[in-house]
Amino acid sequence: MGYNVAIDGPAGAGKSTIAKLLAKEKGYIYVDTGAMYRGLAVHFLDQGIRADDVPAVIRAVEDARVEIKYEDGTQQVYLNGNNITSRLRSEEAGRMASATARIPEVRKKLLMLQKNLAKEQDVVMDGRDIGTCVLPDADVKVFLTASVEKRAKRRYDELKEKGESCDLETIKEDIRKRDEQDMTRETAPLKQAEDAHLVDSSDMTIEEVVRAIAALCK
Ligand code: CDP
């Protein structure tokens with residue numbers, strides 16, 4: 001059994017940045033489960049499927065083969081044999097991922113993949129339901145959050161740095177919508193596990209958050 005660290009939280013809380021740094025420091029593998037939902041989202045977008053056409057999403061899930069590989073320590077997502085990692089971070093893929101992650105068949109497709117990655121290696125895995133559903137016996141669980149304003153600003157900076165055009169108010173609205181969607185869905189909603197440590201990163205630097213979580217780990 002590997003040593004498992006679970007980090008859950010809403011969009012833009014800083015999960016991936018923190019998890020990557022923690023993984024590097026501790027020698028764990030960083031498993032980004034959001035990238036897997038985004039991978040399926042790219043598949044739905046490519047097929048012109050709408051998120052509210054649930055039967056079409058379920059059919060498309062059946063012919064999607066998602067594989068996770070690690071190249072130079074970085075997670076790569078393959079969809080039906082093609083590396084689609086560079087397409088995962090668009091707002092369009094994020095919106096489609098959130099809208100389809102409520103469908104049980106979508107979650108089921110990725111659950112075993114996630115559990116298996118954590119079985120034999122030391123991992124820090126981030127997502128929405130890691131501490132509650134995917135790794136209920138994780139050694140350390142963290143619920144990482146921050147105010148909507150701070151999260152929107154971070155997402156805005158991330159997109160701007162990549163040269164994508166964006167608008168802060170639109171991002172804020174998008175984050176609110178995504179929070180609502182992720183927290184109120186029936187299957188595996190975003191919520192803090194009872195035994196998770198709450199970390200509010202609104203007024204913390206990245207380094208402070210990494211230190212706080214590293215102190216909880218072996
Ligand atoms: O980076 P960001 O927080 O915007 O999103 P992400 O972690 O890449 O996840 C994209 C979407 O996938 C989320 O809005 C969730 O709806 C869904 N997701 C999920 O349902 N369960 C997970 N374990 C991870 C992501």
Side-chain angles (χ1 to χ4, degrees), residues 4-20 30-45 51 57 61 66 68 75-77 84-118 123-136 138 141-148 150-159 161-162 164 166 170-193 196 201 209:
N4 293 170
V5 180
I7 302 183
D8 290 303
K15 298 184 299 293
S16 63
T17 306
I18 304 300
K20 261 182 221 157
Y30 167 48
V31 182
D32 175 358
T33 63
M36 302 177 193
Y37 288 93
R38 285 169 180 267
L40 285 180
V42 166
H43 181 57
F44 304 145
L45 288 167
V57 170
V61 163
V66 180
I68 302 299
Q75 176 175 300
Q76 305 289 322
V77 178
I84 54 155
T85 312
S86 65
R87 299 182 54 200
L88 301 177
R89 295 301 307 173
S90 71
E91 288 300 283
E92 195 188 21
R95 263 195 297 274
M96 178 60 107
S98 181
T100 52
R102 67 185 173 84
I103 301 169
E105 283 80 357
V106 169
R107 306 202 71 82
K108 193 159 165 246
K109 177 94 182 178
L110 302 175
L111 186 65
M112 284 319 289
L113 187 61
Q114 294 162 359
K115 279 183 183 288
N116 285 338
L117 285 167
V123 298
V124 48
M125 185 179 288
D126 77 354
R128 301 293 190 284
D129 61 336
I130 311 307
T132 51
C133 299
V134 182
L135 306 175
K141 295 181 188 176
V142 172
F143 192 82
L144 182 63
T145 188
S147 66
V148 172
K150 288 281 165 73
R151 291 189 280 127
K153 179 69 171 56
R154 288 174 190 164
R155 183 55 43 100
Y156 176 81
D157 291 343
E158 179 191 341
L159 289 170
E161 197 166 304
K162 282 195 285 186
E164 286 182 34
C166 51
T170 312
I171 293 178
K172 211 183 280 180
E173 257 325 291
D174 213 50
I175 281 194
R176 280 208 187 90
K177 191 164 167 229
R178 211 112 80 73
D179 284 359
E180 163 84 15
Q181 235 167 30
D182 289 350
M183 291 192 287
T184 57
R185 70 178 174 225
E186 247 167 70
T187 316
L190 167 66
K191 66 165 189 247
Q192 185 179 346
S201 72
V209 178

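Because the structure is predicted, anything quoted here is derived from the model rather than measured. Start at 1 and go down the list; that is how both ligands and their atoms are numbered.
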**OP:** With heavy atoms under 4.0 Å as the rule, classify the contact between Arg128 and ligand 1 as side chain, backbone, both or neither.
**Re:** both

Subject >> More than 12 heavy atoms of other groups within 6.0 Å of Lys115 NZ >> reply: yes

Original post:
Which atom pair, heavy atoms only, marks the closest approach of Arg128 to Pro10?
Top reply: NH2-C, 4.2 Å

**OP:** Taking all heavy atoms of Val123 and all of Ala118, pick out the closest pair and write down the distance.
**Re:** CG2-CB, 3.7 Å

Original post:
Any N/O of Asp126 closer than 3.5 Å to an N/O of ligand 1?
Top reply: no

Original post:
Is there side-chain contact between Leu144 and Asp8, with at least one heavy-atom pair below 4.5 Å?
Top reply: no

Original post:
Between the side chains of Ser201 and Arg154, does any donor sit under 3.5 Å from an acceptor?
Top reply: yes

Original post:
When you measure from the side chain of Arg38 to the backbone N and O of Ala97, does any donor-acceptor pair fall under 3.5 Å?
Top reply: no

Original post:
For atom 24 (C) of ligand 1, what is the nearest protein heavy atom, given as residue, atom name and distance?
Top reply: Thr33 OG1, 3.4 Å

Subject >> Arg89 contact mode with ligand 1 (heavy-atom cut-off under 4.0 Å) >> reply: side chain

Subject >> Side chain, backbone, both or neither: Ala101 near ligand 1, heavy atoms under 4.0 Å >> reply: side chain

Original post:
Does Gln114 have a non-hydrogen atom less than 4.0 Å from ligand 1?
Top reply: no

**OP:** Return yes when atom NZ of Lys191 has more than 12 non-hydrogen atoms of other residues, nucleotides or ligands closer than 6.0 Å, and no otherwise.
**Re:** no

**OP:** Give the atoms of ligand 1, by number and element, whose distance to some non-hydrogen atom of Asp182 is under 4.0 Å.
**Re:** 13 (C), 14 (O), 15 (C), 16 (O)

Original post:
Which protein heavy atom lies closest to atom 9 (O) of ligand 1, and at what distance to 0.1 Å?
Top reply: Gly34 CA, 3.6 Å

Subject >> Nearest heavy atoms of Asp179 and Ala11, plus distance in Å >> reply: OD1-N, 4.2 Å

Subject >> Contact with ligand 1 for Ser16, non-hydrogen, under 4.0 angstrom >> reply: no

Original post:
Would the number of heavy atoms belonging to other residues, nucleotides or ligands and lying under 6.0 Å from CD of Glu92 be above 12?
Top reply: no

Subject >> Ligand-residue contact atoms, ligand 1 with Ala11, heavy atoms, under 4.0 Å >> reply: 3 (O), 4 (O)

Original post:
Looking only at side chains, do Asp182 and Ser98 share a donor and an acceptor under 3.5 Å apart?
Top reply: yes

Original post:
Going by heavy atoms, is Arg102 under 4.0 Å from ligand 1?
Top reply: no

**OP:** Please indicate whether any nitrogen or oxygen in Asp32 is less than 3.5 Å from any nitrogen or oxygen in ligand 1.
**Re:** no

Original post:
Closest heavy-atom contact between Arg102 and Arg185?
Top reply: CA-CD, 3.7 Å

**OP:** Could you pull out the closest heavy-atom pair between Tyr37 and Gln114, with the gap in Å?
**Re:** CE1-NE2, 3.8 Å

**OP:** For ligand 1, indicate whether the residue Arg185 contacts it via side chain, backbone, both or neither (heavy-atom separation under 4.0 Å).
**Re:** side chain

Subject >> Contact atoms of ligand 1, heavy-atom distance to Lys15 under 4.0 Å >> reply: 3 (O)

Original post:
For atom 12 (O) of ligand 1, what's the nearest protein heavy atom and its distance?
Top reply: Tyr37 CB, 3.6 Å

Original post:
Can you list the ligand 1 atoms lying under 4.0 Å from a non-hydrogen atom of Arg178?
Top reply: 4 (O), 5 (O), 10 (C), 11 (C), 13 (C), 14 (O)

Original post:
Going by the atom numbers of ligand 1, which of them fall below 4.0 Å from some non-hydrogen atom of Gly12?
Top reply: 3 (O)

Original post:
Taking the non-hydrogen atoms of Arg155, is any one of them nearer than 4.0 angstrom to ligand 1?
Top reply: yes

Original post:
For atom 21 (N) of ligand 1, what is the nearest protein heavy atom, given as residue, atom name and distance?
Top reply: Arg107 NH2, 3.0 Å

**OP:** Could you tell me whether Gln181 approaches ligand 1 through its side chain, its backbone, both or neither, with non-hydrogen atoms closer than 4.0 Å?
**Re:** neither

